Amino acid sequence: MIDLTSSKDQHLFVDAYLLAQQRVRSLVENDPDFYPMYTHEGKWRHDLPPWTYWCDGFLPGMMWIFAASDPDESSAQWWREQAIRYTRPLEPRKHDGDVHDLGFIFMTTFYRWFEITDDSEINDVLVQAARTLASRYQPGGRYLASFISNESMFIDVMMNVGLLFHAALEVSSTELMDIAMQTCLSVRRKLVRGDGSVAQEGIFDPATGEFLRQSTHQGYRADSCWSRGLSWAIYGFSNAFEYCGDARLVLTAEACADFYIHHCPSNGVPLWDFDVPSNGDAPVDTSAAAIAASGLFKLARVIPDITKGHLYGQVARKILRTLCEDHLAADTHHEGILRNGVYHMHQKLGINESVIWGDYYFVEALDEALRNEEVLP
Ligand code: GLY
């Protein structure tokens, strides 16, 4: 259970935010136009495999956040220029039908760009990306298939349906809206368990739509709760509820958040899987904690129960505090922002390393904590 005893932590968050800006700036200066994924021995550049291609939006996504928050106009202008420079090359991915991850790529970049410009050409990119993502829909089982195969649905599809909701509302498409909703309901029914824990993957018979079993790639076991998967669910269901207002989705986000809170160590940072034996050498996953913090801020904003919202905001701040105090990559050997993330335990990729999505959601949560007084206890 997470310990909520509070202290004055605003200065911690400001220092971490400045470190994050400095790390992103030096990456732009030292390795221009490189899109990092996970570090190896503290360095972003290495020859290890990506496993799948879902991460190119996170670096420019941080630049868009910095551009929107920097009080110094010339510095904000520099961040905007970099954000555009790193966002434009991603446009061809709007036709990439091989992954279920287009929400990760486009909502961090073109959506943030569209938010501040309202430019219809930028919105057209988002709508095309949504239509491409929708082409992965399996009408039998009613879900968007993961990059693995048509029989597979991943929990992190919840982070991608936001792209469909956005496009559906922009072009008044009942088809896109239906695909987004049906996918949310399938994840809720097949991957979220009665206690609020989640499975990473569901396997279907694509011909009949019959659900066959829960499974995992990055979790400890098929019936365990992979920590990052749970965080994707907290964030993703809160986000989907914000778009469509369907009460089932906020109840699911709440169940997942409560599982996180009740099963996490008191400092708010979980081991890489909630069911892995805690014999002292199992690594934590700080990216799961950063995503949970940002997702809990979102849930705090959208949940109708104000008391629970206040609790979720406090938990998010506690998680951020621990990340700032114990997991910042403050020494210069590390090129990332947060240490102690985990990408893929079984494939031995990015273990106890920085991961770009951990850095992105950490920055997003810090930005929320620093700008929105309403989430402060
Ligand atoms: N979306 C894949 C992961 O969370 O590692």
Side-chain angles (χ1 to χ4, degrees), residues 35-40 44 48-59 61 90 93 96 98-109 133 136 143-149 152-163 183 187 191-192 197-202 214-222 224-237 239-240 256 260 269-274 276 283-295 336 338 340-362 364-365:
Y35 293 81
M37 192 172 191
Y38 61 94
T39 62
H40 178 62
W44 289 120
L48 293 166
W51 186 47
T52 173
Y53 298 91
W54 62 289
C55 289
D56 288 354
F58 295 123
L59 180 68
L90 305 184
R93 298 285 308 268
D96 180 355
D98 290 341
V99 295
H100 64 278
D101 299 307
L102 296 189
F104 281 124
I105 293 163
F106 285 92
M107 296 306 276
T108 48
T109 54
L133 176 59
R136 300 193 66 78
Y143 62 94
L144 292 163
S146 85
F147 79 98
I148 297 281
S149 70
S152 156
M153 173 178 77
F154 267 29
I155 188 76
D156 68 21
V157 79
M158 287 308 304
M159 298 298 286
N160 293 292
V161 290
L163 176 63
T183 298
V187 172
L191 301 190
V192 182
S197 70
V198 302
Q200 180 180 10
E201 186 186 36
Q214 296 185 344
S215 175
T216 196
H217 294 264
Q218 290 156 284
Y220 180 55
R221 285 190 320 240
S224 73
C225 183
W226 175 50
S227 302
R228 192 158 64 252
L230 185 68
S231 299
W232 292 139
I234 296 168
Y235 191 121
F237 278 102
N239 194 43
C256 295
Y260 188 100
V269 178
L271 298 180
W272 65 279
D273 189 294
F274 280 92
V276 73
V284 298
D285 179 9
T286 54
S287 78
I291 298 157
S294 198
L338 275 184
N340 308 129
V342 172
Y343 182 23
H344 201 312
M345 279 299 281
H346 306 298
Q347 295 196 8
K348 299 187 173 33
L349 304 176
I351 300 172
N352 270 326
E353 295 284 351
S354 297
V355 293
I356 194 67
W357 58 93
D359 286 0
Y360 171 83
Y361 289 101
F362 180 53
E364 187 180 74

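Since the structure is predicted, the reported quantities are computational estimates derived from the model, not experimental observations. Numbering of ligands and ligand atoms starts at 1, following listing order.
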So does Tyr53 have more than 12 non-hydrogen atoms from other groups sitting under 6.0 Å from OH? no

Heavy-atom cut-off of under 4.0 Å around ligand 1: list whichever protein residues fall inside it, by chain and number. Trp54, Asp156, Gln218, Trp226, Arg228, Trp232, Tyr343

Kindly write out the residues that satisfy salt bridge (Lys or Arg N to Asp or Glu O under 4.0 Å) with Glu353, not counting sequence neighbours, or none if the list is empty. none

Under the salt bridge (Lys or Arg N to Asp or Glu O under 4.0 Å) test, which residues partner Asp98, sequence neighbours left out? none

Go through the steps to decide whether Gln218 and Gln200 satisfy the test side chain to side chain contact (heavy atoms under 4.5 Å, CB included), and finish with yes or no. CA-CA 8 Å; Gln218 290 156 284; Gln200 180 180 10; 2.7 Å; yes

Heavy-atom side-chain contact between Val99 and Phe104 under 4.5 Å: no

Going by side chain to side chain donor-acceptor pair (under 3.5 Å), name the residues that satisfy it together with Tyr361, two or more places apart in sequence or in a different chain. none

